[in-house]
Protein chains: 2
Amino acid sequence: MKGDISMPQYRRLYEVLRKHIVEGVYQEGDLLPSENELCVTYGLTRPTVRHALDELVKDGFIKKQKGKGSIVHPLPRGIGILSVAGTTSALGNRDLKTRILVKPEIRSWDEAFFFPLPEHIRESGCIYMERLRLIDGKPLFYDLTYLPNINLPRFTSRTFENRSLFDTLRSNYQIEITGGEQRLWAIKADEQIAAFLQILPGEPVLHLERKIDTNRVGFSFFSSLYCDTSEQALFGVF
Amino acid sequence: MKGDISMPQYRRLYEVLRKHIVEGVYQEGDLLPSENELCVTYGLTRPTVRHALDELVKDGFIKKQKGKGSIVHPLPRGIGILSVAGTTSALGNRDLKTRILVKPEIRSWDEAFFFPLPEHIRESGCIYMERLRLIDGKPLFYDLTYLPNINLPRFTSRTFENRSLFDTLRSNYQIEITGGEQRLWAIKADEQIAAFLQILPGEPVLHLERKIDTNRVGFSFFSSLYCDTSEQALFGVF
DNA sequence: ATATTTTACTTGTAAATACAAGTTGTTAAT
DNA sequence: ATTAACAACTTGTATTTACAAGTAAAATAT
C-alpha cells in the first residue's frame, strides 16, 4: 500500500521519514540527515527531497532551521485531527476503536446542509453513517458522516467496525484525502451527544463541521463531529 | 512594508495575488492566470510562481486542479485564527478593535507554564499582557499573551490599543511569524472569562493554547486564548 | 588562554528545462 | 447529429545548476 509504484518519489520519501519519526528511529530534537545526504541515500535530487521535507513540516513532524538542519518535532500530546496527517497517525500507540451507531444508508441531503452543495451532488442523494470513536476505551468522537452517493459501489454493505473510513476509501475506491476545510465551535452537549460521549448534558463539547476534499475531482464528503475535550485536547500546527 | 526589497520574490507574488483575491479582483470560483502567464507577467520562473501559489493553497485562498488551473476559494465565513494567515486578514471588511486589559508588564514565568520552556528563556522573565478583541463591537477573544523578555527594547512602554501585536513585532523588531502549534478544548466559562466576553458563566467557550514561532531563531511566544464561538465559528483549512 | 577569522557545512531562493497527466475545446469521422 | 480522435492548453513531478545566507567548528592571530 505504502510502497505503491504509482506513488510520487517525494511522497515515498515522506512516508519513510515519517515512519522513522513515529517509530523513534529519529527522536525528538534529533537532526534528520541533511538534504544532500538524503539525496545520496535515496537517489533523488534536492528539490524532490525538499518537497518531502516540506510535507513533513506542514504536518508538524519536523521544523527546519537555516544553516542547521531539519529538527524532529516533539510528538503532539493531543489528537491531531486538525490536520490531514491527523486522526489515526498522531495517536501513536494508543488504542483507537470505532463503533458503528448507524450503518451506511442512502438518504436525501438535508435541505439546510451545513456546506453548500452542487446540484448534481444533491440530486444523487447521500450516504449517511454515524460512528463513535473510542480511545483507550473512552468515547471521544461522535461523528456524523455524509458522502455523495456517486460511484461508490457496494459501499453501504461494507463494514467499518474498527476500520478507518479513510483507509476504506483508499483501498477500495482509490480515493485519497487531499485537504479540506473546517469550522469549529464550543457548544453544550445535548442529551443525545452526552449519552454517546458518556458525559453530562450541558457539558462543553467541541463541534467541528468539516468538508473533506479528495483526489477525485468534485468528490468531497462531509463530517459533523462532536468531541469530548475534557481529557484530550485537539492538536494542530499552523 | 509589503514591497520590501529584501522580500523573496515568491513572497512578493504571494502578497500581490492575495491582495487581489481579498479585494475582489479575482472572485470566488474564478481561475487565476495560469502559471505560465504569471511567469511572463511578473518575470519569474515556474518554480518561483508555484512556490507562491503553494502558499496561497496552504492559507486557503485558492485550490489547484490539475489540467484546469488555480481556483479562487470562497472567503471563509468565520474567523481564520487557526492558520497563520488568519486573524486580521480573514476578517475582511469587519471592524476589529483591541482593548488592553493589562498593559505589558515584566513578571516571572508561571512555573507550570503550558508549554515547556528552555532554561535561558525562563531565567530572563516574561512580558505579560491581556487583551480583549472585539469584532463589530462584540467581544470575541480574551487573550493572555506571554513573550520572552529578550531583546525587545521599550516593549512595555508601547501602546497596543487597536494595533495588531504581529504588526508591532514586524515593524519595530523585524520579527515575522513563521508558524506555530496549538491545542484546543471546549470549556465552561468561569466568572472572569464570562465577564470579559459578556456571556453567562458556565457557557461553553473555546480555549486555545498556542506557541507561536518566529523568524528569530529560538524566539517563540505564547498565547492562551478564550473565544466566544456562539456567533462566530473559527475557521481553518487543512 | 582568548578572541577573531576562516572554512565547511547547512537550508533558502531562483533559474532553465523536460516530460507526465488531467482538462477542454476543436476537428474529423461515422 | 453524434461520437471519437486530436491538439492545445493546464498543473504535477523531477532533474540540474547556481548562488545567498545562516550555523558551527576548526584554524589562526592576538
Side-chain angles (χ1 to χ4, degrees), chain A residues 4-15 17 26 29-58 61-73 151 174-176 178-179 213-219, chain B residues 4-15 17 26 29-58 61-73 151 174-176 178-179 213-219:
Chain A
D4 203 349
I5 191 64
S6 64
M7 192 181 277
Q9 307 192 73
Y10 78 87
R11 186 70 189 165
R12 197 148 27 181
L13 177 55
Y14 165 91
E15 298 286 354
L17 293 175
Y26 305 114
D30 284 358
L31 289 178
L32 290 189
S34 78
E35 295 177 352
N36 284 320
E37 286 172 327
L38 291 172
C39 290
V40 174
T41 307
Y42 295 93
L44 303 170
T45 56
R46 238 188 104 206
T48 308
V49 168
R50 284 178 64 79
H51 196 165
L53 294 178
D54 282 346
E55 301 286 306
L56 288 171
V57 169
K58 218 170 59 179
F61 289 100
I62 63 171
K63 188 174 296 188
K64 303 185 77 174
Q65 187 184 329
K66 191 202 276 195
K68 192 149 187 212
S70 301
I71 303 155
V72 175
H73 202 78
N151 210 3
Q174 288 77 48
I175 292 177
E176 303 259 4
T178 55
D213 299 324
T214 70
N215 57 347
R216 198 182 278 190
V217 174
F219 187 87
Chain B
D4 202 349
I5 191 62
S6 64
M7 191 180 277
Q9 309 193 71
Y10 78 88
R11 184 72 187 163
R12 197 148 26 182
L13 177 55
Y14 165 91
E15 298 286 355
L17 293 175
Y26 305 113
D30 284 358
L31 290 178
L32 290 189
S34 77
E35 296 178 352
N36 284 320
E37 284 172 328
L38 291 172
C39 290
V40 175
T41 307
Y42 295 94
L44 303 170
T45 56
R46 243 189 100 205
T48 307
V49 168
R50 283 178 64 79
H51 197 166
L53 295 179
D54 283 347
E55 302 285 306
L56 289 171
V57 169
K58 218 169 60 180
F61 289 100
I62 63 170
K63 188 174 297 188
K64 304 185 77 175
Q65 187 186 327
K66 191 200 276 194
K68 192 148 186 214
S70 302
I71 303 155
V72 175
H73 203 78
N151 210 1
Q174 289 76 50
I175 291 177
E176 303 259 4
T178 55
D213 299 323
T214 71
N215 57 347
R216 198 182 279 188
V217 174
F219 186 87

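Just so it is clear, the model here is predicted, and its values are computed rather than measured.
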Could you tell me the separation between the [atom1] atom of [X] and the [atom2] atom of [Y], rounded to the nearest 0.5 Å?
| X | Y | atom1 | atom2 | value |
| --- | --- | --- | --- | --- |
| Tyr26(B) | Phe61(B) | OH | CZ | 14.5 Å |
| Lys63(B) | Thr178(A) | NZ | OG1 | 7.5 Å |
| Leu53(A) | Arg46(A) | CG | CZ | 10.0 Å |
| Thr45(B) | His51(B) | OG1 | NE2 | 12.0 Å |

[X] side chain near [N] phosphate (N/O to OP1/OP2, under 4.0 Å):
| X | N | result |
| --- | --- | --- |
| Gln9(A) | dA14(D) | yes |
| Ser34(B) | dT10(D) | yes |
| Gln65(A) | dT10(C) | no |
| Lys68(B) | dG22(C) | no |
| Arg50(B) | dT11(D) | no |
| Tyr10(B) | dT13(C) | yes |
| Thr48(A) | dT15(D) | yes |

Tell me the interatomic distance from [X], atom [atom1], to [N], atom [atom2], rounded to whole angstroms.
| X | N | atom1 | atom2 | answer |
| --- | --- | --- | --- | --- |
| Asp54(B) | dT13(D) | CG | P | 10 Å |
| Tyr42(A) | dA14(D) | OH | P | 16 Å |
| Lys66(A) | dG22(D) | NZ | P | 5 Å |
| Ile62(A) | dT10(C) | CD1 | P | 15 Å |
| Ile71(A) | dT23(D) | CD1 | C1' | 11 Å |
| His51(A) | dT11(D) | NE2 | P | 16 Å |
| Asn36(A) | dT15(D) | CG | C1' | 14 Å |
| Leu44(A) | dT13(D) | CG | P | 14 Å |

Looking at [options], which one has an atom nearest to any side-chain atom of [X]?
| X | options | value |
| --- | --- | --- |
| Arg46(B) | dT15(D), dT13(D), dT11(C) | dT13(D) |
| Glu35(B) | dG12(D), dT11(C), dT23(C) | dG12(D) |
| Lys64(B) | dG12(D), dT10(C), dA14(C) | dG12(D) |

Remember a base hit wins even if backbone is also touched, and classify Thr45(B) as base, sugar-phosphate or nothing at under 4.0 Å, heavy atoms.
base
Charged N to carboxylate O under 4.0 angstrom, Glu15(A) versus Arg12(A)?
no
Before accepting this row, confirm whether a basic side-chain N of the pair Glu176(B)/Arg11(B) lies closer than 4.0 Å to the acidic partner's carboxylate O.
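The answer is no: the pair does not qualify as a salt bridge.
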Let me know, please, whether Pro33(B) or Pro47(A) comes out on the 5' side of the other along DNA chain D by nearest nucleotide.
Pro33(B)
Once hydrogens and angles are ignored, does a donor-acceptor distance under 3.5 Å link the base of dG12(D) to the side chain of Arg11(A)?
no
